[in-house]
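The residues of the chain are indexed from 1 along the displayed sequence.
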Amino acid sequence: MRSIPLLAVDATDVFDEIAAAKHQPRRGLMQAARAEVLAAYQGYEDAVPEVGGLDEAALTDAQKEAMRHAFTVETEPMKGLRGDLLKRISVARCPFCGISETSTLDHYLPKEQYPEFSVFPENLVPSCAVCNTRKRDRILDEGTNVRMFLHPCYDVVPETNFLTVRARMEADALILSYTLTRPSGMALRTFRHLRSHFNELDLADRYRRMGLEHLGGQYPALRRAYGSGENAERVAEKLIEGAVDLEEVSGPNYWLAKLYRALAGNDDFCDGGFEVVRVQAGL
């Protein structure tokens with residue numbers, strides 16, 4: 001979970017270029033919807049980050065189809081926009097989960113319900129295929145009326161610690177569990193928003209599985225730190241150093257940084273228990 005910068009493009013120019021590149025009759029339908037669509041863009045920008053309750057634009061069914069078609073059947077301008085959104089180094093890793101490579105564009109407000117935002121750059125969020133699939137077309141939680149997912153372009157991820165990792169050794173296995181805890185002073189609505197995002201994207205299990213896989217790659221470094229002198233303190237120091245480096249880049253709630261700190265505080269893991277990661281990773 002992290003914030004990403006907006007792409008520096010003029011949304012009106014993007015719309016006009018994509019519309020002009022379409023064949024008739026869709027070109028004419030998009031151009032006829034231009035005023036309504038641009039008004040919707042302004043409404044989106046005025047409402048951020050709380051865009052979940054926006055009214056749908058008054059488009060005809062044919063105009064809605066033309067807007068969706070503009071995204072799904074690409075013109076050269078749409079291909080260019082897609083490339084510009086996905087190829088930035090700042091979004092190489094999915095901002096929804098912080099795990100996987102970005103490979104798709106997610107419509108934060110789904111194009112089926114809000115076709116007016118089908119090619120609106122601020123509504124197109126780089127994401128991994130897993131997050132895009134899990135998010136689907138959902139927007140608001142019906143019970144709380146809170147948005148179910150963070151908008152990476154507008155929601156600011158709190159700097160206070162809300163992600164917790166527990167690590168314990170059981171027999172010949174390392175057991176990890178990720179949970180969210182509401183820190184003192186955090187508004188309940190903010191916590192519900194974070195918790196919904198965390199739960200709906202199944203981040204607890206994804207972080208756990210990816211954490212164990214990641215540790216397999218860290219085994220040689222942990223083994224060297226431990227050395228022939230069985231220096232558990234050096235293993236803990238190595239993990240803390242890694243956590244600090246990750247936090248400087250990705251913030252205090254980055255899932256790998258949290259994992260490193262949890263393991264640094266586990267005496268059994270640091271005192272040779274890390275050997276289990278080699279077995280669990282199949283090394």
Side-chain angles (χ1 to χ4, degrees), residues 1-2 89-103 127-131 133-134 150 157-181 183 194-195 197-283:
M1 295 182 284
R2 63 192 183 94
I89 188 66
S90 60
V91 295
R93 189 174 69 246
C94 176
F96 286 108
C97 65
I99 301 173
S100 305
E101 178 184 4
T102 54
S103 58
S127 71
C128 68
V130 175
C131 286
T133 299
R134 285 188 173 277
L150 297 172
V157 178
E159 290 290 311
T160 53
N161 290 303
F162 58 81
L163 182 62
T164 300
V165 187
R166 290 183 175 84
R168 69 181 190 278
M169 306 297 300
E170 256 186 33
D172 293 326
L174 171 65
I175 309 299
L176 302 177
S177 59
Y178 281 82
T179 57
L180 292 191
T181 56
L194 291 168
R195 184 176 60 190
H197 184 101
F198 185 80
N199 291 341
E200 296 299 330
L201 295 180
D202 195 25
L203 294 184
D205 189 57
R206 293 169 67 192
Y207 288 164
R208 179 191 64 80
R209 290 185 292 110
M210 292 304 298
L212 292 171
E213 190 274 340
H214 174 82
L215 289 172
Q218 297 301 305
Y219 171 77
L222 297 174
R223 178 71 256 181
R224 285 193 299 271
Y226 195 54
S228 58
E230 299 184 350
N231 192 339
E233 290 185 3
R234 180 57 191 144
V235 173
E237 289 172 1
K238 180 76 174 175
L239 289 165
I240 291 296
E241 289 171 2
V244 170
D245 290 344
L246 291 166
E247 288 163 353
E248 287 184 3
V249 175
S250 301
N253 291 290
Y254 182 47
W255 67 279
L256 269 181
K258 287 293 188 181
L259 174 60
Y260 280 23
R261 286 197 177 275
L263 295 175
N266 188 301
D267 294 339
D268 291 337
F269 180 86
C270 293
D271 197 9
F274 58 83
E275 291 287 346
V276 301
V277 305
R278 180 169 58 90
V279 177
Q280 287 179 272
L283 300 177

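Taking CG from L176 and CG from L215, the interatomic distance works out to 7.0 Å, rounded to the nearest 0.5 Å. How far SG of C131 is from CG of D202: 10.0 Å, rounded to the nearest 0.5 Å. With rounding to the nearest 0.5 Å, the separation of CG in L163 from OG1 in T179 is 7.5 Å. Note that CD1 of I240 and CD of E247 are 8.0 Å apart. Values are rounded to the nearest 0.5 Å. Here the CG atom belonging to L203 is positioned 6.5 Å from the SG atom belonging to C97, to the nearest 0.5 angstrom. Note that CD of E233 and CG of D271 are 10.0 Å apart. Values are rounded to the nearest 0.5 Å.
The nearest pair of heavy atoms linking P220 to G217 is CD-O, 3.6 Å. Contact detail for L256 and H214: the closest heavy-atom pair is CD2-CD2, 3.5 Å. Between L239 and C270 the shortest heavy-atom distance is CD1-SG, 4.2 Å. Pairing each heavy atom of R93 with each of G98, the nearest pair is CD-O, 3.0 Å. Of all heavy-atom pairs between V165 and K258, the closest is CG2-CB, 3.4 Å. What you find for A129 and S103 is that their closest heavy atoms are N-OG, 3.7 Å.
The local environment of CD in E101 is sparse, with at most 12 non-hydrogen atoms from other residues, nucleotides or ligands closer than 6.0 Å. Around CZ of R223, the count of heavy atoms belonging to other residues, nucleotides or ligands within 6.0 Å exceeds 12. Counting heavy atoms of neighbouring residues, nucleotides and ligands inside a 6.0 Å radius, atom CG of D267 does not exceed 12 of them.
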Practice item. Please report the C-alpha distance between L174 and N266 in whole Å, then the side-chain angles of each, then the deciding distance to 0.1 Å, and finally whether the side chain to side chain contact (heavy atoms under 4.5 Å, CB included) criterion is met. Key: CA-CA 11 Å; L174 171 65; N266 188 301; 5.6 Å; no
Point to revise | Test side chain to side chain contact (heavy atoms under 4.5 Å, CB included) applied to V277 and L212, step by step | key: CA-CA 7 Å; V277 305; L212 292 171; 5.7 Å; no
Exercise for review: Apply side chain to side chain contact (heavy atoms under 4.5 Å, CB included) to the pair F162 and R195, showing each step before the final yes or no.
Suggested key: CA-CA 10 Å; F162 58 81; R195 184 176 60 190; over 6 Å; no
Exercise for review: Start with the C-alpha distance between R278 and E275, add both sets of side-chain angles, then the distance that settles salt bridge (charged side-chain N to carboxylate O under 4.0 Å, His left out), and finish with yes or no.
Suggested key: CA-CA 6 Å; R278 180 169 58 90; E275 291 287 346; 3.5 Å; yes
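Ring planes of F269 and F274: perpendicular class, angle over 60° (limits at 30 and 60°).
Between the side chain of R206 and the backbone N or O of L201, at least one donor-acceptor pair lies under 3.5 Å. At distances below 3.5 Å, not a single donor-acceptor pair connects side-chain atoms of S100 with backbone N or O atoms of C128. The main-chain N or O of M169 is never found under 3.5 Å from a side-chain atom of D268 such that the two would form a donor-acceptor pair. Panel note: side chain N253, backbone T160; a donor-acceptor pair is recorded below 3.5 Å. Distance alone, capped at 3.5 Å, places no donor-acceptor pair between the Y207 side chain and the Y178 backbone. Side chain of R234 to backbone of Y226: no donor-acceptor contact under 3.5 angstrom is found.
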